[in-house]
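Notes follow the structure.
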Amino acid sequence: MKAIRRFTVRTTVPAQISALTSLATNLRWSWHLPTRNLFESLNPELWEKSRFDPLSMLSALSREQLQLLAHDPDVVARVDSAQASLDCYLNEPRWYQELGAEAPQSIAYFSPEFGIADVLPQYSGGLGILAGDHLKSASDLGVPLIGVGLLYQAGYFKQSLSKDAWQQETYPLLDPDALPLTLLREDDGAPVLISLPLPDNRTLHAHIWRADVGRVPLLLLDSNVAENDDAARGVTDRLYGGGGDHRLTQELLLGMGGVKALRVYARLTGTAAPEVFHTNEGHAGFLGIERIRELMDPALTEHPLSWSEALAAGRASTVFTTHTPVPAGIDRFPRSMIEHFFAGKLAPGVPVHQILALGAENYDGGDSDVFNMAVMGLRLAQRANGVAKLHGVVSRGMFSGLWPGFDHEDIPITSVTNGVHVPTWVDPALAELARERFGAEVLDGPDWSKVYDVTDEEVWAMRRRLRAALVSDARRRLRASWKKRGAADAQLAWTDSALDPDVLTIGFARRVPTYKRLTLMLRDPARLKALLLHPEHPIQIIIAGKSHPADDAGKKMIQDLVQFTDDPEVRHRIVFLPNYDIAMARTLFPGCDVWLNNPLRPLEACGTSGMKAAINGSLNLSVMDGWWDELYDGENGWAIPTANTGTSEEERDDIEAGALYELLETQVAPRFYGEVVTMDAGAAGPSQPHDGALPAHWISMIKHTLAHLGPAVSANRMVAEYVQRLYQPAAEAGRLARANDYAATKEFAAWIDNVRPAWGGVHIEHVESNGLNDEPQIGESLQVRAHITLGQLRPEDVNVTVVYGTASDSDELTATRSLSLDSVQEYGPGRYQFTTELVIDRSGNFGYGVQILPKHGALANPAELGLITTA
């Protein structure tokens, strides 16, 4: 018989050890090794059986077992010590508190997915893992962040393979009561319920679940509530599930519902209302509409703002991060669908045509019939960034239509390179060695150079232990996968010896869209086989990754790869492990000697998987894309050359696959096995590639990678950059916007409303210069005069600058600098002469041009409004 209802009953823990419950429900345990060790020590067998989930383990302990633990003085003392450690972590001042009272009191961070721990499967790939690491590092640094997302009833899918190697998806339902979550309740105990009006007189209701990520609360909205109709209950069914109305409703709940959840949370807990709103990708963009609605609603404010004023106020304190380097990765909805949803009571008082204009692709190459979520995100935020330096360049090009007339480098999208949360992703054995040798704080700091004090023997022995742990885990997963595909135990003895803990191990794991080129390694199967089976320098490859359920091209790539790995000749050297997740990653990243990444350049926004490998001493072998483009230095791995622009797809893949094989054959494998020095006779290490010898150059690259990349790829560095470069300026702008009943905002909005229509009357009549000799020399100056027509604008409304630099044969300027023409003389109605002295600062081909931009103290960037006039 099947149960008609299933629910989880949490264990009542005896008072003496009741702190175990708070330790289990605060997700700090997922990256705090002492707390994990405490739970494991209570019952090692049950800890493993529960898949390292403290709540699950506590639920599985019998009342008798709990009583025995409660009467063990040593256990009680260790539990009390762990709780004291957590209390100290939650309350002591940290880095952020040193910034002073002017730092933002609260920051809201919206994301459609969060990858925090395998016990809370609310992520699909890099975006979610990045969001989880952002929260963890914010917690470690003391940043007062509040995360906002959705609670998906089935999370993302679980992946398995059919007999013919086709990806299969299953969606096991999650019980929130079995997860490290707490339902947000009103003071009378009733669950908090937020509501969004939907078309056709329907209403979407949601509960709010709170996850504690160290010091950071994460609010997750759940539509699976009794007050909803069946369709509304299913809104938060699956991460990135469905399409059309379903996907749009998810994003409305995330954005608009998320703001409502924050307001309730502040009311119930006394937490400061967020001063900054960070939109992690366009999925949460509707948060800006809800904030505008609040400011325009006479029921919520005594002096409601106009549309222009509310837009300016909201933009001032909003940060938008774009993660995609390809237009296909952006959510776009039919314009008519957006109009349908907002025509009712969803945002009363907010002009629907203005909402539609925010997402309009009203630029060259745009589609007038769609609403673009990333475009809306950019228009609703005064500060925007990509997630690596190269991605910033790509983003400025991809969204250049919003800033017509601007050089790409002047488009106001900066970049903050992603990072990874070191305590989460560094292997516990490696972390323990670092702590024993150099102290508990060494991995949290900006200096990892102490790795040079570790002997080569210790480094090599550690790498072998990590590789052996990966091989053991991979064999177990490989056997389980083959059994799911229908193989019998009698057919699987070979899995016990698949892979080898002494063979150069290469990892490749990520989502499987076609641009990441999972199957590039299969371009020449015979050459790959030769590499795998080389008699002296063999390699082995461990591969994992999920394709989106609707992406048949990605599924075909997985099938092609798995069918190659099924070959009995090579299946002990190359394996595909289904259901890539955080649990698998814990052994995969540390255990690989080399991390492979071969996307189509420049389509990798950042690619943090290689960062996770690097902090464990793995070397990267990657196309110069994402973060690798800025941090590769020749001694931390290898760069895969790319084909010339304009090469056909077939030829490009042939060239780049050939370059990959060449690197593996002539550099990577020989260096792992061949460049050796004699090892000390008494040193341990069964992992030596050549009978008691160590690969000195390889080990030096490991140390160099750890010393140089460790701090550079840390999420602590990333979050500190967000705080200093984006959050603090946004908070300051937001405070100024709100001051004196939004006086500055009203003035700024009126100024924008005046400047935009008047800009068509701004012209540069002509530019002249004098003062140069026939043969100009460095250090000489010339006077630049620009005769400008401003029409209805005033000189103080604009900034006229001369942009100068090295001129190419086509007169394009590079290595530019700019200088304002501050001397102004009126010579007719609306006509002015702007003048400055320009000093020649370089030899060679020198050139200059003049441009006019809007000027106002509330602008975060002079290009912000997308208005420019040039000569």
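Atoms considered below: every heavy atom in the structure, side chains included; atoms not considered: hydrogens, waters and symmetry mates.
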Where do [X] and [Y] come nearest, in terms of heavy atoms and distance?
X	Y	result
Ala313	Leu295	CB-CD1, 3.8 Å
Leu380	Gly285	CD1-O, 3.5 Å
Leu268	Arg185	CD1-O, 3.4 Å
Ala131	Asn280	CB-ND2, 3.9 Å
Arg78	Ser41	NH1-OG, 2.8 Å

Got a donor-acceptor contact below 3.5 angstrom from the [X] side chain to the [Y] backbone?
X	Y	answer
Arg510	Ala544	no
Asn26	Gly214	yes
Gln250	Val235	yes
Gln153	Leu151	no
Tyr727	Val143	no
Ser223	Thr236	yes
Gln97	Arg94	yes
Ser18	Ala15	yes
Ser85	Ser81	no
Asn91	Asp87	yes

- Decide yes or no on side chain to side chain donor-acceptor pair (under 3.5 Å) for Tyr240 and Glu113, but give the supporting numbers first. CA-CA 9 Å; Tyr240 303 139; Glu113 50 176 303; 2.6 Å; yes

How long is the gap from [atom1] on [X] to [atom2] on [Y], to the nearest 0.5 Å?
X	Y	atom1	atom2	answer
Asp331	Glu281	CG	CD	8.5 Å
Ser62	Gln67	OG	CD	9.5 Å
Arg738	Glu275	CZ	CD	5.5 Å
Leu179	Thr25	CG	OG1	12.0 Å
Glu294	Arg263	CD	CZ	4.0 Å
Phe320	Asn385	CZ	CG	9.0 Å

Regarding [X] and [Y], is there a side-chain donor-to-acceptor distance under 3.5 Å anywhere?
X	Y	value
Gln167	Gln159	yes
His134	Asn418	no
Trp425	Asp133	yes

Step through the shown structure and confirm whether more than 12 heavy atoms of other residues, nucleotides or ligands are within 6.0 Å of [atom1] on [X].
X	atom1	answer
Asn201	CG	no
Glu48	CD	no
Asp74	CG	yes

- salt bridge (Lys or Arg N to Asp or Glu O under 4.0 Å) partners of Arg291, counting only residues at least two apart: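 With neighbours one apart ignored, the set is empty.
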
- Item | side chain to side chain donor-acceptor pair (under 3.5 Å) pairs, two or more places apart, involving residues 226-235 |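 The answer is Arg202-Asp229, Asn224-Arg233.
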
- Residue among Leu130, Leu127, Val387, Thr279 satisfying side-chain contact (heavy atoms from CB on, under 4.5 Å) with Thr321: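 Among Leu130, Leu127, Val387, Thr279, the one meeting side-chain contact (heavy atoms from CB on, under 4.5 Å) with Thr321 is Val387.
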
- Message: Here's a test for you: under side-chain contact (heavy atoms from CB on, under 4.5 Å), which of Leu181, Ile116, Ile146 qualifies with Leu218?
- Response: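 Of the listed residues Leu181, Ile116, Ile146, the side-chain contact (heavy atoms from CB on, under 4.5 Å) partner of Leu218 is Ile116.
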
- Query: Any salt bridge between Asp140 and Lys136, counting N to O under 4.0 Å?
  - Reply: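 The answer is no: the pair does not qualify as a salt bridge.
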
- Run the salt-bridge test on Arg215 and Glu92 with the 4.0 Å N-O cut-off and return the result as yes or no.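 Salt bridge absent between Arg215 and Glu92.
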
Should [X] and [Y] count as side-chain neighbours, where that means a heavy-atom distance under 4.5 Å?
X	Y	answer
Asp118	Arg51	no
Leu38	Leu20	yes
Thr424	Val420	no
His548	Phe157	no
Ile107	Pro274	no
Arg210	Ile208	no
Trp29	Val119	yes
Arg28	Val213	no

- Message: Would you call the rings of Phe286 and Phe371 parallel, tilted or perpendicular, taking 30° and 60° as the class edges?
- Response: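 Taking Phe371 first and then Phe286, their aromatic rings lie parallel (interplane angle under 30°).
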
- Item | Arg238 charged N/C atom sitting above Tyr171 aromatic ring, 6.0 Å / 45° |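 Arg238 over Tyr171 ring: yes.
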
